[in-house]
Protein chains: 2
Amino acid sequence: MEADEQSSGEHGACAAADGRPGDGSRAELDLAQFLPYRLNRLADRISDELERMYAERYGINVAQWRVLAWLSHSDELTAKKICTYTNMDKARVSRAIQALEDRGLIYREPSAHDQRVHDLHLTAAGEELLASLVPDAQAWEAELVATLSVGEYRDLFNAMGKLERQLERIGQR
Amino acid sequence: MEADEQSSGEHGACAAADGRPGDGSRAELDLAQFLPYRLNRLADRISDELERMYAERYGINVAQWRVLAWLSHSDELTAKKICTYTNMDKARVSRAIQALEDRGLIYREPSAHDQRVHDLHLTAAGEELLASLVPDAQAWEAELVATLSVGEYRDLFNAMGKLERQLERIGQR
DNA sequence: GACAATTGGTTTCATGAGAAACTATATTGC
DNA sequence: GCAATATAGTTTCTCATGAAACCAATTGTC
């Protein structure tokens, strides 16, 4: 039943309370066709795999990884910006930054114009770690998407973009 | 920078250590084009929204919701099966089941053939709750995917399916 | 210039999740 | 038939996370 392909609703999302009229008709939801569920489960599995790799080979967790990744291509970064970019809680970001600093992978310098803010930078050790981590991550991703055609891959990103924008629209109401 | 559309790799995944030869070339990773990151962030946001709805209107969390949803269309369910279907930890499932039982939304009966196993069923109250929750969830999903065409929607599910299968293949090695 | 209101970031606290230990039942090998 | 092993499910322990309190610096507003 995991994979049964029913379809009826606008998008084949099926799973309506399939109103057999009168009887004790049950509200059914086919999770396999419910986007939030499918997306979440997929993302979780991918995340688990990658997390394991990060942890085993480099001793960092996902939050730390994200901070490093953002640092890798923008050197004008503060905790706040990372929060907005990554959608992570500021406490989580704060802890990730602290851990990375303790390990000497990044350093902070107080911003010239605002004493509350610290500018974040990679150390040499941080760059070194990224230099070996990034190709690993990319190789893994490449293997993951190996069965998608270039078009499918592009469409997938497009769809995700649309969903994110729609989510934004829904959220601010 | 959040949305800049670079592309170079096989799939436009860009973000290679863009080997400026010789210099202190940096390993860069464009998270915006990194599938695990994008997927995770999207799934997280969707999950957050839905979770809020479940909690506010029905006082249940995601784990409980998943148990209910699976129960809604298969009445031959055990904790173990829910674990495999949903990919959730057995402790998490156990707690969800307990909470639902405490609230009188489901009941357990010891299986006839194996005393370790409990068969799970919705109570009348459980069915009632689902009858109002499921349409809510579907309406929300419908709004989320409103900007996708039917084709895009189908392709998205296809892509997710392929990724899941590929993940399986990668995992068992 | 002083007092209120904001903002960036850290810390404290409570909660949920996974790992591993544990219990009780079933199954297998002999 | 009985010891050894496996399986379903629960409980304990630890840890990461998010919410809220908090601190320090900054930006109004009068």
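Below, chain A is the first sequence line, B the second, and so on; all start at residue 1.
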Whole-Å distance, A:Gln98 CD to D:dA16 C1', equals 15 Å
**Basic-acidic side-chain contact under 4.0 Å: B:Glu76, B:Lys81** = no
Between CZ of B:Arg52 and P of D:dG18 the distance, given in whole Å, is 15 Å
Quick note, side-chain hydrogen bond (donor to acceptor under 3.5 Å, both in side chains) partners involving residues 91-106 of chain A, not counting sequence neighbours, are A:Glu101-A:Arg108
A:Lys80 atom NZ is separated from D:dA24 atom P, nearest whole Å, by 21 Å
From CD of B:Glu51 across to P of C:dT15 the rounded distance in Å is 15 Å
Separation of D:dA16 atom C1' from A:Ile97 atom CD1, nearest Å, is 17 Å
Protein heavy-atom contacts under 4.0 Å, written 5' to 3' over nucleotides 18-25 of chain C as B (base), S (sugar-phosphate only) or - (none), form the string BB----BB
note: B:Asp44, atom CG; D:dG18, atom P; distance rounded to Å ~ 8 Å
Should B:Ile82 and B:Arg66 count as side-chain neighbours, where that means a heavy-atom distance under 4.5 Å? no
NZ (A:Lys80) with more than 12 external heavy atoms under 6.0 Å:
no
ask   = Is B:Ile106 reachable from B:Ile60 through a run of hydrophobic residues whose side-chain heavy atoms are each under 4.5 Å from the next?
value = yes
- Query: Quick one: is D:dT10 close enough that its OP1 or OP2 comes under 4.0 Å of any side-chain N or O from B:Arg108?
  - Reply: yes
Whole-Å distance, B:Asn61 CG to C:dA14 P, equals 20 Å
Heavy-atom side-chain proximity of A:Leu68 to A:Tyr58 below 4.5 angstrom: no
Here the distance between atom C1' of C:dT7 and atom NE2 of A:His118, to the nearest Å, is 14 Å
Discussion item. If you compare every side-chain N and O of B:Ser94 against the phosphate oxygens of D:dG9 (OP1, OP2), does one of them come in below 4.0 Å?
Written reply: no
